[in-house]
Engineer: 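I have a structure here, written as structure tokens, and I will follow up with some questions on it.
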There are 2 protein chains.
Amino acid sequence: MSDRPYHHGDLRDALLTAAAAVIEESGPAAVTLRDLARRVGVSHAAPAHHFGDRAGLMTALATDGYSRLADAVERLGPVTDLRAAGVAYVSFAVGDRGRFEVMFRPELVHQDDPALRAAQARAMGALQAAVAGWSADRAEDPETVAVAAWSLVHGFATLWLQGVLPPDLGADAATAASAVAGVLTGTD
Amino acid sequence: MSDRPYHHGDLRDALLTAAAAVIEESGPAAVTLRDLARRVGVSHAAPAHHFGDRAGLMTALATDGYSRLADAVERLGPVTDLRAAGVAYVSFAVGDRGRFEVMFRPELVHQDDPALRAAQARAMGALQAAVAGWSADRAEDPETVAVAAWSLVHGFATLWLQGVLPPDLGADAATAASAVAGVLTGTD
DNA sequence: CAACCAATCTTGTCATTGACAAGTTCACCT
DNA sequence: AGGTGAACTTGTCAATGACAAGATTGGTTG
């Protein structure tokens with residue numbers, strides 16, 4: 001019918017990239033299998049072959065996101081200042097917003113997917129390892145401290161992405177995140 | 001056709017309550033105007049009369065949520081310990097999960113809705129007033145401190161709701177929130 | 001008290017979507 | 001050369017959101 005080749009060649013990645021782009025523009029609710037297919041130039045049922053269903057596509061995107069987050073944190077190495085880890089976390093969320101927004105929406109993905117769980121575990125392990133050195137210096141229970149640190153950076157990232165934070169913080173998320181994380185560390 | 005009265009009498013509130021219940025069970029993506037209509041016992045187009053469209057219903061639900069949050073925080077009065085405000089915030093999120101989940105999803109609501117913005121402003125004002133006394137004692141810029149506090153409790157609430165936090169924190173969100181907030185205040 | 005009126009709710013319809021089924025094309029391997 | 005399975009297609013169905021037009025009702029006014 002059309003002159004495009006029957007085999008796309010890289011359809012899976014193309015769909016994931018397109019999905020991330022749609023989410024960055026309009027949020028996860030705007031992601032439609034048929035729209036992605038149109039954007040990439042394939043038939044409306046092609047995505048189902050690679051991902052099964054819509055949740056399958058979201059699962060693949062979230063898995064990809066956890067892997068990238070783990071990469072970013074592992075590149076960091078062990079940190080003694082929470083701010084470095086916080087900046088990495090927030091930078092990932094802002095820079096890879098399309099994936100980050102799906103990672104913490106359990107209702108959109110197949111939570112029991114093995115690949116997802118593995119990538120999730122790797123990212124969490126990397127985060128914990130990165131913060132371990134810092135939290136050891138604190139008086140409180142290390143786990144409570146880790147949860148506080150995670151809550152702080154995660155909350156900041158989501159609030160920043162939603163644009164509800166006061167504009168006085170500036171336009172650079174990393175700089176603002178560092179300042180906010182400094183409140184927890186007590187450094188200035 | 002059926003024997004139910006033509007006028008429901010309290011359809012608007014009934015739909016909002018049903019929507020909150022659906023979200024608590026299955027998340028915002030599971031909310032369907034037609035399903036809500038069925039649950040409440042009206043025709044499939046009845047919801048549109050009260051809310052216009054799906055986003056209109058979500059907007060009303062979010063507005064309701066901001067009002068309830070503002071009520072909860074104002075009941076608190078001025079606080080000198082962040083933990084009290086944090087517990088109130090998290091308790092609202094966990095207790096009114098169906099509304100909380102919609103309040104921070106800009107893509108689901110009509111963000112420019114006047115009633116929404118008013119309720120939002122009231123809630124944010126109440127939070128800021130509650131924390132003002134506490135943040136004044138800190139060395140850092142008060143606004144940065146306020147953002148840090150908000151980020152911490154908001155992040156904790158969302159992570160808690162998603163069930164990704166370690167189970168060692170216990171089953172009571174308020175207790176865990178108090179402990180985690182204590183890391184920021186430095187009190188133990 | 002009757003007639004109206006605006007709000008409330010209904011039925012009917014349409015384009016879009018996700019999911020599924022069955023067929024077609026193609027790359028690769030033997 | 002031939003087959004074999006993965007990649008992709010067309011076709012279809014029920015469900016949904018949105019819209020249009022009509023039916024019902026409580027209140028309100030003349």
Side-chain angles (χ1 to χ4, degrees), chain A residues 1-19 21-23 25-62 102 105-111 113 115, chain B residues 1-19 21-23 25-62 102 105-111 113 115:
Chain A
M1 181 167 281
S2 82
D3 52 355
R4 69 178 137 88
Y6 198 97
H7 280 167
H8 181 280
D10 197 23
L11 182 55
R12 205 189 121 96
D13 280 354
L15 288 170
L16 288 177
T17 303
V22 170
I23 296 175
E25 292 172 15
S26 321
V31 172
T32 278
L33 293 181
R34 292 171 108 104
D35 177 49
L36 295 181
R38 275 187 295 261
R39 286 169 183 251
V40 170
V42 292
S43 81
H44 66 87
H49 176 71
H50 289 278
F51 303 106
D53 54 8
R54 205 187 100 110
L57 186 143
M58 297 299 199
T59 303
L61 196 62
V102 174
R105 301 269 169 99
E107 81 269 15
L108 296 182
V109 305
H110 291 139
Q111 294 176 252
D113 182 82
Chain B
M1 181 164 283
S2 83
D3 52 355
R4 68 179 138 87
Y6 199 98
H7 280 169
H8 180 280
D10 196 24
L11 182 55
R12 205 189 121 98
D13 281 353
L15 288 170
L16 288 178
T17 303
V22 170
I23 296 175
E25 292 173 17
S26 321
V31 171
T32 278
L33 294 180
R34 291 170 108 104
D35 177 49
L36 295 181
R38 275 188 296 264
R39 285 169 183 253
V40 170
V42 293
S43 81
H44 65 87
H49 176 72
H50 289 277
F51 303 107
D53 54 9
R54 206 187 100 110
L57 186 143
M58 296 298 197
T59 304
L61 196 61
V102 174
R105 302 271 167 98
E107 80 269 16
L108 295 181
V109 305
H110 291 138
Q111 293 176 253
D113 182 83

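Throughout, a chain's letter reflects where its sequence line sits, starting with A, and its residues are numbered from 1.
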Engineer: Would you give the length of the straight line joining atom NE2 of B:His110 to atom CE of B:Met58, rounded to the nearest 0.5 angstrom?
Structural biologist: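 If I round to the nearest 0.5 Å, the distance is 11.0 Å.
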Engineer: Is the shortest side-chain N/O distance from A:His49 to OP1 or OP2 of D:dC8 below 4.0 Å?
Structural biologist: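 For D:dC8, OP1/OP2 do not have a side-chain N/O of A:His49 under 4.0 Å.
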Engineer: When we call it a touch if two heavy atoms are under 4.0 Å apart, what does A:Arg12 touch: a base, just sugar-phosphate, or nothing?
Structural biologist: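 Nothing, no nucleic acid heavy atom in range.
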Engineer: Rounded at 0.5 Å granularity, tell me how far CD in B:Gln111 sits from CG in B:Asp113.
Structural biologist: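 B:Gln111 atom CD to B:Asp113 atom CG measures 11.0 Å (nearest 0.5 Å).
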Engineer: Can you work out whether B:Leu11 or B:Arg34 has the more 5'-proximal nearest nucleotide on DNA chain C?
Structural biologist: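 In this pair, the answer is B:Leu11.
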Engineer: I want to check one thing: is the phosphate of D:dC8, taken as OP1 and OP2, less than 4.0 Å away from some side-chain N or O of A:His44?
Structural biologist: no
Engineer: With a 4.5 Å cut-off on side-chain heavy atoms, are B:Leu36 and B:Leu57 touching?
Structural biologist: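 When only atoms from C-beta onward are counted, B:Leu36 and B:Leu57 do touch, with a gap below 4.5 Å.
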Engineer: Indicate, with a heavy-atom threshold strictly under 4.0 Å, whether B:Ala45 touches base, sugar-phosphate, or nothing.
Structural biologist: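 It contacts base atoms.
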Engineer: Contact class for A:Ala48 (heavy atom, under 4.0 Å): base, sugar-phosphate, or nothing?
Structural biologist: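 Touches nothing.
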Engineer: How close or far is atom C1' of C:dC20 from atom CZ of A:Phe51, stated in whole angstroms?
Structural biologist: 18 Å
Engineer: Find which nucleotide of DNA chain D each of A:Ala46 and B:Val31 is nearest to by heavy atoms, and output the residue with the more 5' nucleotide.
Structural biologist: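 Checking each residue's closest nucleotide, the 5'-ward one belongs to A:Ala46.
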Engineer: Does B:His50 place a side-chain N or O at less than 4.0 Å from the phosphate oxygens OP1/OP2 of C:dA7?
Structural biologist: no
Engineer: At their closest point, which heavy atom of A:Leu108 faces which heavy atom of B:Ala29, and how far apart are they?
Structural biologist: CD2-CB, 4.3 Å
Engineer: With nearest nucleotides of DNA chain D determined for B:Arg38 and A:Asp10 from heavy-atom distances, which residue corresponds to the more 5′ nucleotide?
Structural biologist: A:Asp10
Engineer: Would you classify A:Arg54 as touching base, sugar-phosphate or nothing, given that sugar-phosphate means primed atoms plus P, OP1 and OP2, and contacts are heavy atoms under 4.0 Å?
Structural biologist: sugar-phosphate
Engineer: Output the rounded distance in Å from CG (B:Leu36) to C1' (D:dA18).
Structural biologist: 16 Å
